[in-house]
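Chain A is the first sequence line, chain B the second, and so forth, proteins listed ahead of strands; every chain is numbered from 1.
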Protein chains: 2
Amino acid sequence: MADLPEPTIERLLQLTRVLDNCGAAVVTSAEIETRTGWSSHTIRKDISYLDGDFSTGSGYDVAALGSAVRSALGLDIKRKCCVVGLGRLGSAYLNFPAFADEGFELVAGFDSSVNRVEILRSPVPLYPAFKMGEVIVRFGIEMALLCVPAASAQAAADRLAAAGIKGIVNFAPIALELPPGISVRNVYVVDELRAISARIPIRKKENP
Amino acid sequence: MADLPEPTIERLLQLTRVLDNCGAAVVTSAEIETRTGWSSHTIRKDISYLDGDFSTGSGYDVAALGSAVRSALGLDIKRKCCVVGLGRLGSAYLNFPAFADEGFELVAGFDSSVNRVEILRSPVPLYPAFKMGEVIVRFGIEMALLCVPAASAQAAADRLAAAGIKGIVNFAPIALELPPGISVRNVYVVDELRAISARIPIRKKENP
DNA sequence: CCATGTGAATGCGTTCACAGCC
DNA sequence: GGCTGTGAACGCATTCACATGG
């Protein structure tokens, strides 16, 4: 399996959700088209990058296809995560159950306030920020949820990068500067609103 | 100004953040390259789609470029939004101040529980879900934050679509089916972790 | 001289069309 | 017959290279 085109990765990720929620045991590429809006050509091409045989003769075997996608994307690998910044958002994620269901193991939380680290009750161990590098290496943590305020986000990201983190989910509304090889995904609701806003046609009919 | 390529839109959206946080009055495309990782060629091309003259001879005028980008993307237009589903997440957004700063006006909240609508204190008016269509049309609401549980997300999205909504930020972990012309942006942290996971190379050095 | 701006070339992802298979 | 699978054609975005302007 050569490596997949970026857009294909993004579609396959979404495809797992479609398969999980589709109910039936078999789906055709045409059905996926109506559910997602991607053309059936694109979907078949995407699936053709995977190795394995999922065709039943009249559609794809949902279970087989699902596990092939997960395996191709490395979603069957358990990965260790941490939360950096234990404010309102960060401390909420400490108790978020869905992570475990999807193969992500939350193993540490960090905050620059030693006081907060000591007081907060949490199902995962908490550490003061200066232990970040050491703990990440020791546990083999690969991903971080970066929940600190915008002003300290870049500094925290630098420390994560130095500790060898592989990916960061960034909740701060700034563009992080990081060395290549580290994946960043920005999660900021206002940016999503802006992205939608940018796609609303200006004074034009939708079907020109 | 012809319409912009999709990838260019996405980059320009991020570019506004870079410009806001860059401090200086002038930036070169090379500086933007180090801050974002996009090649200076790409950046110059993106900017060349805009009309106006931002070059000072030694870099771009940050303020002028910023406002040109915002205008090209329609970010200078005030847009009305609503929150659908007033659980923990939805009710948090009712009080989120950053929306207004960025030109988004939150004008309504909806929930299927009439009880919750009556009890919840909120700076914006709340309505029972059955009034959704009417209120959206009356106020000219263009965008919705969809914060209902996964099981009811599709039904709620259908009602939003019927009311003529232009875009939806979807917090439910399902792929919504909607007619063309409506922008959807999915926000689900586990999906971001999966996206990162899919990009962590499997047992390979990063510099092969 | 340095940095932008832009037609032209390149390369990659999507679309097509048809062969293969149930 | 219907659906998948895939080399080939196409089209769009990125990259290049050089002309232009401060």
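- Judged by distance alone, the side chains of A:Asp46 and A:Thr8 do bring a donor and an acceptor atom under 3.5 Å apart.
- The residue A:Ser39 sits close only to the backbone: its heavy atoms come under 4.0 Å of sugar-phosphate atoms, none of a base.
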What do the steps show when you test B:Glu102 against A:Arg194 for salt bridge (Lys or Arg N to Asp or Glu O under 4.0 Å), and what is the final call? CA-CA 8 Å; B:Glu102 303 262 356; A:Arg194 308 211 305 180; 2.9 Å; yes
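- Distance B:Asp53 CG to D:dG22 P: 8 Å, rounded to the nearest Å.
- Closest contact between the side chain of A:Pro5 and the listed nucleotides C:dG5, C:dG13, D:dT14 involves C:dG13.
- Between A:His41 atom NE2 and D:dC3 atom P there is a gap of 13 Å when expressed in whole angstrom units.
- Rounded to an integer number of Å, the gap from CD1 of A:Ile43 to P of D:dG5 is 12 Å.
- The CD1-P distance, from B:Ile32 to C:dG5, rounds to 11 Å in whole Å.
- Looking only at atom types and distance, the side chain of A:Arg199 has no donor-acceptor partner in the side chain of B:Ser183 under 3.5 Å away.
- Between A:Thr42 and B:Lys45, the residue anchored closer to the 5' end of DNA chain C is B:Lys45, taking for each the nucleotide with the nearest heavy atom.
- Using a 30° and 60° split on the angle between ring planes, A:Phe171 and A:Tyr93 fall in the tilted class, from 30° to 60°.
- In this structure a side-chain-to-backbone donor-acceptor pair under 3.5 Å is missing from B:Asp61 to B:Phe54.
- When the nucleotides C:dT15, C:dA3, C:dG5 are ranked by their closest atom to the side chain of B:Thr28, C:dA3 comes out on top.
- Residue B:Thr8 places its side chain closer to D:dT14 than to any other of C:dT15, D:dT14, D:dC16.
- For the helix from C:dC1-D:dG22 to C:dC22-D:dG1, the axis fitted to the five pairs at one end and the axis fitted to the five pairs at the other end meet at an angle of 10° (nearest 10 degrees).
- Within the 4.0 angstrom heavy-atom criterion, only backbone atoms of the sugar-phosphate kind lie near A:Thr56; the bases stay farther away.
- Nearest-nucleotide assignment on DNA chain C puts the 5′-proximal partner with A:Asp46, out of A:Asp46 and A:Gly57.
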